Trainee: 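This is the structure I have questions about; it appears just below.
Protein chains get the first letters and strands the later ones, always in sequence-line order, with residue 1 at the start of each. Owing to the predicted nature of the structure, the values given are computational and were not obtained by experimental measurement.
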2 protein chains.
Amino acid sequence: MSTPRKTPTMADVARLAGVSPMTVSRAFKQDASVSEHTRSAILEAADRLGYVFDSTASNLRSQRTDFVAVTIPSINNANFADTVRGLSEGLKARGLQILLGYTDYDINEEERLIEQLLRRRPEAIVLTGGRHTPRARRLLENASIPVIETWDLPETPVGHVVGFSNAAAVRTMVDHFVSTGIERIAFIGGDADRDTRGTDRRAGFIAAMTEHGLQADRLIAAGAPPISMREGADAMGRLLNDLPDTQAVICVSDLSAFGALTECQRRGVDVPGQISVAGFGDYEIANICVPSLTTLNPFPREIGTRAAKLILDVLDGHQTEPATIIVAPELMRRHSSR
Amino acid sequence: MSTPRKTPTMADVARLAGVSPMTVSRAFKQDASVSEHTRSAILEAADRLGYVFDSTASNLRSQRTDFVAVTIPSINNANFADTVRGLSEGLKARGLQILLGYTDYDINEEERLIEQLLRRRPEAIVLTGGRHTPRARRLLENASIPVIETWDLPETPVGHVVGFSNAAAVRTMVDHFVSTGIERIAFIGGDADRDTRGTDRRAGFIAAMTEHGLQADRLIAAGAPPISMREGADAMGRLLNDLPDTQAVICVSDLSAFGALTECQRRGVDVPGQISVAGFGDYEIANICVPSLTTLNPFPREIGTRAAKLILDVLDGHQTEPATIIVAPELMRRHSSR
DNA sequence: TCCCTTTGTGTTATCGTTATCGTGGTCCAA
DNA sequence: TTGGACCACGATAACGATAACACAAAGGGA
């Protein structure tokens with residue numbers, strides 16, 4: 001019925017409360033020196049007008065945005081969700097928010113996303129993974145804000161690192177199997193060259209097998225990363241058909257490992273009696289499915305909290321050199337392996 | 001070594017390219033009228049300086065942010081992730097980005113989040129759920145931007161709606177069981193009063209049972225929503241102990257249903273021979289676990305794409321009245337029920 | 001009592017981009 | 001030849017908040 005009235009500004013609130021806009025501004029910060037009396041009058045005026053603080057203006061003038069940009073491969077992944085949760089809790093105390101973007105496991109998409117995020121002038125940026133396009137790298141280097149790479153251990157980091165070597169992690173799993181006398185081990189993963197962590201895990205598998213003097217030729221490519229439960233199941237089907245003497249299979253993630261497990265169930269193949277199955281990530285499903293899944297726990301939340309602490313240290317000037325913090329995954333022995 | 005040089009601005013780029021800042025601004029839009037020659041000179045200058053567009057200034061001046069705020073309960077849920085994906089693809093064509101926040105299934109957290117998001121002046125806001133705190137409602141009503149509630153069918157919507165009745169959906173499942181002659185049906189959900197969709201599903205269960213003249217007293221509360229696989233398993237354990245004559249159990253989500261299923265496996269209880277199990281959501285696991293899970297598919301991606309289209313229609317002025325679009329869930333009969 | 005600190009508030013001038021208006025030049029139909 | 005439409009670009013003034021500085025009044029220690 002009325003014309004779409006302009007959203008009220010601080011000036012409107014100031015007029016109604018009988019103070020200057022500057023005082024309104026101060027009243028909206030928690031620490032500012034405004035008398036209780038004035039502040040409550042201002043807040044009441046703001047409430048009456050339905051005033052909502054405009055952070056676009058605030059950000060421009062103060063040259064601070066109070067948020068940290070975070071890129072994750074997918075918004076539907078319990079591991080990355082836990083890392084974000086750890087980050088978010090660690091940053092909350094300092095009033096830092098998280099601006100989240102997802103890359104769909106694609107470094108070209110990541111490049112676009114990084115540019116979008118940097119345009120919004122975050123205080124720091126947290127990346128999942130340590131491999132980027134050359135342009136993305138340049139953008140990050142020029143940004144003059146703290147850059148944290150996580151879930152990886154890049155050879156030449158852009159800035160700080162909180163993560164682990166995906167290759168070394170899989171080596172742990174291979175060593176475990178070999179130590180129990182298993183030698184014919186397969187690896188189920190996605191097609192190479194997209195999900196860089198998956199590719200690193202495959203490389204780690206091959207390197208570890210080779211070092212043990214074993215054949216690293218049981219490699220099943222199961223489609224574009226991230227591979228699904230269904231793709232894990234299909235891959236297991238092919239493995240059982242083509243290489244039935246395989247004693248153990250390491251899957252690139254718990255989700256595909258669970259799919260593989262169900263394929264065994266459908267075919268009446270006993271796990272771990274006939275074949276052992278292992279995953280990666282220690283998702284909830286690994287602990288509850290029957291049989292439960294042997295896997296690697298990468299401590300995703302820990303990665304988030306350590307990254308958050310690092311960001312605060314850097315912003316406070318307590319940390320000036322690039323840091324590399326290693327959070328090593330831990331082997332979780334369960335019932336899907338002997 | 002050098003002092004942390006100020007980030008270059010359009011003025012710096014303009015100087016280097018020998019044009020006015022206004023022309024630089026135009027060169028960075030796609031449709032603007034700038035000669036090819038000038039534009040390439042500007043882009044080269046920008047590249048040389050490592051210039052990154054500052055959207056905080058742009059947003060303030062143009063009074064447009066080109067993003068849509070979206071709240072979801074959790075960043076680790078395949079259903080909501082699919083809705084976000086649908087939204088994101090539908091909005092991408094118009095150059096609209098998504099600003100994502102999560103509420104942890106808590107309407108008080110939602111209130112805080114809504115305020116944070118509105119401060120950034122989004123072009124529209126998409127909410128998961130139709131129940132909000134009074135203050136959140138007021139904020140949304142004052143915001144004078146399109147508001148879309150999803151995954152619900154509120155009695156008095158704030159604005160537009162793209163969703164379904166959670167109560168009616170569960171009724172579909174009850175009807176299904178009753179039509180196959182099953183009468184002693186249980187419901188496993190979270191503690192009431194937090195996850196509003198879960199609460200609605202429980203209410204729908206009770207209403208449907210009552211209408212069929214059946215007892216709706218087999219209600220298992222399994223902890224704070226969202227309930228996990230483990231909590232679903234524990235709840236199933238209690239159900240099997242306390243009410244062993246139960247013929248079917250409806251779980252508030254596929255994840256708890258899967259947990260319940262594994263508990264049956266651990267106890268040697270045959271599904272669906274001794275008891276039928278149903279979930280909600282049609283997550284991938286429902287289709288691949290053994291036995292596969294009977295569930296309701298809420299078409300999460302469809303919710304996202306419909307919401308995106310609605311937003312564009314409203315922003316274009318093609319849709320002026322509040323719309324209610326119903327995307328009805330579909331029963332997926334699988335092997336966990338007879 | 002005097003001076004110095006603290007507290008509460010106002011004034012002014014921006015932050016970096018772009019809406020708006022203006023201008024000189026080109027092209028073409030009447 | 002001329003008038004108008006169009007193109008490529010520049011000058012100016014905001015958008016709404018706050019950093020920086022200023023200042024009056026109150027409080028406190030010597």
Trainee: Taking the side chain of B/Tyr51 as heavy atoms from C-beta outward, which of C/dT18, C/dT17, C/dG10 is closest to it?
Mentor: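 Within the option list, the nearest is C/dT17.
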
Trainee: Mapping B/Glu36 and A/Arg64 onto DNA chain D by nearest heavy atom, which one lands closer to the 5' end?
Mentor: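 Upstream on the strand: B/Glu36.
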
Trainee: Tell me, with the steps shown, if A/Arg306 and A/Glu302 meet salt bridge (charged side-chain N to carboxylate O under 4.0 Å, His left out).
Mentor: CA-CA 6 Å; A/Arg306 300 288 281 270; A/Glu302 175 90 359; 2.9 Å; yes

Trainee: For the residue pair B/Ser20 and B/Thr23, confirm or rule out a side-chain donor-acceptor distance under 3.5 Å.
Mentor: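 Short answer, yes.
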
Trainee: Given salt bridge (charged side-chain N to carboxylate O under 4.0 Å, His left out), test A/Asp54 with B/Arg121 step by step and report yes or no.
Mentor: CA-CA 7 Å; A/Asp54 186 335; B/Arg121 300 289 188 263; 3.7 Å; yes

Trainee: At less than 4.0 Å, is any side-chain N or O atom of A/Ser20 found next to OP1 or OP2 of C/dG10? Yes or no.
Mentor: yes

Trainee: Between B/Asp12 and B/Arg48, is a salt bridge (charged side-chain N to carboxylate O under 4.0 Å, His left out) present by the stated rule, with each step listed?
Mentor: CA-CA 11 Å; B/Asp12 299 316; B/Arg48 181 144 56 199; over 6 Å; no

Trainee: Figure out the CG/P separation between B/Asn59 and C/dT17, and round it to whole Å.
Mentor: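 About 12 Å, once rounded to whole Å.
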
Trainee: For A/Phe28, report the nucleic acid contact type (base, sugar-phosphate, nothing); a contact means any heavy atom under 4.0 Å.
Mentor: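 Result for A/Phe28 = nothing.
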
Trainee: For A/Leu60 and C/dT14, what is the distance between atoms CG and C1' respectively, to the nearest whole Å?
Mentor: 9 Å

Trainee: Identify whether any heavy atom of A/Ser55 sits under 4.0 Å from a base atom; if not, whether one sits that close to sugar-phosphate; answer base, sugar-phosphate or nothing.
Mentor: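 Counting heavy atoms under 4.0 Å across all strands, no contact is made by A/Ser55.
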
Trainee: Would you tell me if any nitrogen or oxygen in the side chain of B/Ser58 comes within less than 4.0 Å of OP1 or OP2 on C/dT18?
Mentor: yes

Trainee: What is the 5' to 3' range of DNA chain D, first to last nucleotide, that sits under 4.0 Å from any heavy atom of chain A?
Mentor: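 That gives a stretch of D/dG16 to D/dA20.
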
Trainee: Should A/Glu89 and A/Arg85 count as an ion pair when the cut-off is N to O under 4.0 Å?
Mentor: no

Trainee: Let me know the distance between CE of A/Met10 and P of C/dT9, rounded to the nearest Å.
Mentor: 15 Å

Trainee: Would you find a donor on one side and an acceptor on the other, under 3.5 Å apart, between the side chain of B/Asp104 and the backbone of B/Asp106?
Mentor: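 Checking the backbone N and O of B/Asp106 against the side chain of B/Asp104, no donor-acceptor pair under 3.5 Å is found.
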
Trainee: Across the strands shown, which category fits A/Val19 at heavy-atom distances under 4.0 angstrom: base, sugar-phosphate, nothing?
Mentor: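 Contact class for A/Val19: sugar-phosphate only.
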
Trainee: Just by distance, with hydrogens left out, do B/His132 and B/Glu149 show a side-chain donor and acceptor under 3.5 Å apart?
Mentor: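 Looking only at side-chain atoms, B/Glu149 and B/His132 do form a donor-acceptor pair, the distance falling under 3.5 Å.
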
Trainee: Starting from P on C/dT20, measure out to CZ on B/Arg26 and report it in whole angstrom.
Mentor: 13 Å

Trainee: Taking C-beta and beyond as the side chain, do B/Trp151 and B/Ile303 meet within less than 4.5 Å on heavy atoms?
Mentor: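 Side chain of B/Trp151 against side chain of B/Ile303, heavy atoms only: contact under 4.5 Å found.
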
Trainee: Looking for any heavy atom pair under 4.0 Å, which part of the strands does B/Thr56 touch: base, sugar-phosphate only, or nothing?
Mentor: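 Nothing: the residue B/Thr56, judged by heavy atoms under 4.0 Å, touches no strand.
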
Trainee: Measure CE/A/Met22 against C1'/C/dG10 and give the value in whole Å, please.
Mentor: 10 Å

Trainee: Should A/Gln63 be listed as having a side-chain N or O under 4.0 Å from OP1 or OP2 of C/dG16?
Mentor: yes

Trainee: Would you call B/Glu109 and B/Arg112 a salt bridge, using N to O less than 4.0 angstrom?
Mentor: yes

Trainee: Please tell me which of A/Pro21 and B/Pro21 maps to the more 5' nucleotide of DNA chain D, matching each residue to the nucleotide holding its nearest heavy atom.
Mentor: B/Pro21

Trainee: With no hydrogens and no angle check, just 3.5 Å: does a side-chain donor-acceptor pair link B/Ser35 and B/Thr38?
Mentor: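 Side chains of B/Ser35 and B/Thr38: pair found under 3.5 Å.
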
Trainee: Starting from the first five and the last five pairs of the helix from C/dT1-D/dA30 to C/dA30-D/dT1, work out the angle between the resulting helix axes, to 10 degrees.
Mentor: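 The helix from C/dT1-D/dA30 to C/dA30-D/dT1 shows an end-to-end axis angle of 30°.
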
